[in-house]
**Student:** 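Starting off with a structure, shown below.
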Amino acid sequence: VPAWTVFAVIPMDQVLADLRGTRGWTFLLFLLYLVICSVMVILLLRYNYTPIKSLLNNIADGINIVYDKNTNEYTLIERAFRETLDQNQAITTLLEKKDDALKQSFFNAMLKGNCSQADWDSSLKQFGIQLISDRFLVALFQIEEVGQIFPDDEKLDDRERRRIGNFIILNIVSELLQAQSPVLCTVINDMPACIVNVPDAGNGKTYDNIRQDILEAQKAVQDYFNFMFLATVSGIHDTHVGICDAYSEAAEAMEYRVLYNEGAVIFYKDLVIPETGTYYYPLENERILTNYIKNGDLDSAQQVMDEIYDINFKNSILPLPLVKCLMFDMASTMIKTLSEISSNSKEKFQGNTVSIDQLLGCENIYEMQKVMRQMLQEVCEYVNAKGDQRIQQQVLEFVEQNYSNSQLTVASIAEYMGLHP
């Protein structure tokens, strides 16, 4: 290998000519490459976009929109996903409502005794209901005054208010009761009902816990929603067959609400005692009460009424039909007295109609006693204001017309006046 250095001397024109030729071929090949790549890209895009286009057409048909070359595919797909999710949520909500409806139907069938053993087992499995024992009791609830539920909302009628009230009661009561025992909730005959699965032991403690939970629920409803409800609780029965008997007991106890104040918790076991109560409202007491009212003697009339209440309700439970009979009899006495006072006076007693409506609207003896005391006070005040002049004038007129009658006595005047001698 010789250590020579070789130099090539080439004319500049020749070098520039070669560079120009190379550059031309480079541009030509680059253009050819762009054309070929563009054609391939277009062909491949068309080939791959065909199924997507078909899919988008189907989506557009499904959601009822126009799909053309100006449509944004991503917007279309996003809208399709959003509507699909909304439909899925709507279907889920519908299924939940249907599931709730099926549960309500199942619970109502149990309360009415229309549930076989096979239906019972399959329904418990279908709804995923876990029980702790084979013993049950039923609690029923009734709203005292429907008009107190959201009274400022004029769009709500009584039916809607009752529905809202039932919903509130079931949510609060079930949450409290479920801390101790499984609870199955439903609405039957417009009354919320809870089927409580109680433990196998501790009956007395079970009743105490249920009473405490219901009282707490009543306080919460009163504090936050400003209305009250009455509760009745049945005895404890075995197996699902006994649920029907428990419901009958709770419903029967609800009939005795006339004996209790509003917001009471009535246990059927406390009502199952010998019905030794005696109906007491003799004609003599009614006549004396009427005379005291006509004479405006409030204290004496009140004393007679309190005596009647004490004899009938203080030491014994009067049978329910007789309780209602007594309420109507005492109401009838008040109505007849009010009517007679109004008919014998040129100036009608203004509180007559309103007071009678209030009296007939009473749902228990305590409401009736309160209204009748108010009526007694109003009537006696009216009689005391107008009665002396009225009685004096009527007595004078009667004496002037009958002074020649040898039978004219204090007794005959009292009989004419409808008063005690």
Side-chain angles (χ1 to χ4, degrees), residues 1-107 121-132 164 167-168 170-172 174-185 197 220 224:
V1 179
W4 293 352
T5 299
V6 179
F7 294 91
V9 180
I10 304 172
M12 181 60 69
D13 294 339
Q14 183 179 347
V15 174
L16 293 177
D18 292 340
L19 288 175
R20 293 188 185 96
T22 302
R23 184 173 60 184
W25 280 106
T26 301
F27 285 148
L28 180 62
L29 292 174
F30 182 72
L31 291 174
L32 181 61
Y33 170 77
L34 288 178
V35 172
I36 294 173
C37 288
S38 298
V39 172
M40 292 181 64
V41 168
I42 292 173
L43 293 175
L44 291 174
L45 285 175
R46 288 181 61 85
Y47 176 77
N48 289 282
Y49 189 72
T50 299
I52 296 178
K53 182 178 180 180
S54 176
L55 175 63
L56 292 175
N57 284 324
N58 292 333
I59 292 176
D61 293 338
I63 59 178
N64 296 323
I65 66 171
V66 178
Y67 171 62
D68 54 26
K69 63 180 181 179
N70 296 322
T71 303
N72 187 318
E73 289 86 351
Y74 295 104
T75 303
L76 178 63
I77 294 174
E78 180 184 3
R79 179 176 175 183
F81 273 115
R82 185 171 61 252
E83 293 197 6
T84 301
L85 292 175
D86 292 342
Q87 290 177 1
N88 182 63
Q89 181 63 36
I91 292 173
T92 302
T93 303
L94 180 61
L95 291 176
E96 290 176 353
K97 289 182 178 180
K98 288 186 176 181
D99 189 57
D100 290 339
L102 291 174
K103 282 185 179 180
Q104 297 287 317
S105 177
F106 170 56
F107 297 157
D121 295 334
S122 62
S123 297
L124 291 181
K125 183 177 180 181
Q126 176 183 353
F127 299 126
I129 299 174
Q130 300 293 329
L131 302 177
I132 61 174
I164 295 174
F167 177 79
I168 293 172
L170 282 181
N171 274 271
I172 295 178
S174 62
E175 182 175 354
L176 292 171
L177 292 178
Q178 283 175 351
Q180 304 290 337
S181 306
V183 179
L184 312 179
C185 299
N197 181 217
Y224 293 103

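Values below: all heavy atoms of this structure, side chains included; hydrogens, waters and symmetry mates excluded.
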**Student:** Nearest 0.5 angstrom please: Phe167 CZ to Cys185 SG, how far?
**Tutor:** 11.0 Å
**Student:** Under 4.5 Å between any side-chain heavy atoms of Pro182 and Ile132, yes or no?
**Tutor:** yes
**Student:** Please name the pair of heavy atoms, one in Ile172 and one in Ala220, separated by the smallest distance, quoted to 0.1 Å.
**Tutor:**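 The answer is CG2-CB, 4.4 Å.
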**Student:** I'd like to know if the side chain of Ser174 and the backbone of Asn171 have a donor-acceptor N/O pair within less than 3.5 Å.
**Tutor:**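 Looks like yes, one N/O pair under 3.5 Å.
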**Student:** Is there side-chain contact between Leu34 and Phe30, with heavy atoms separated by less than 4.5 Å?
**Tutor:** yes
**Student:** Just how far is it from atom CG of Leu31 to atom CD1 of Ile36, taken to the nearest 0.5 Å?
**Tutor:** 11.0 Å
**Student:** Looking at every non-hydrogen atom in both residues, tell me the closest pair between Gln126 and Leu102 and how far apart they are.
**Tutor:** NE2-CD1, 4.2 Å
**Student:** If you measure from CG on Leu45 to CE on Met40, what distance do you get to the nearest 0.5 Å?
**Tutor:** 11.5 Å
**Student:** Say you draw a straight line from CD of Gln104 to CG of Leu184; how long is it, rounded to the nearest 0.5 Å?
**Tutor:** 10.5 Å
**Student:** Could you grab the distance from atom CD1 of Ile129 to atom CZ of Phe106, nearest 0.5 Å is fine?
**Tutor:** 5.5 Å
**Student:** How long is the span from the CD1 atom in Ile168 to the OH atom in Tyr224, to the nearest 0.5 Å?
**Tutor:** 13.0 Å
**Student:** Is the number of heavy atoms from other residues, nucleotides or ligands within 6.0 Å of CD (Glu175) greater than 12?
**Tutor:**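 No, not enclosed.
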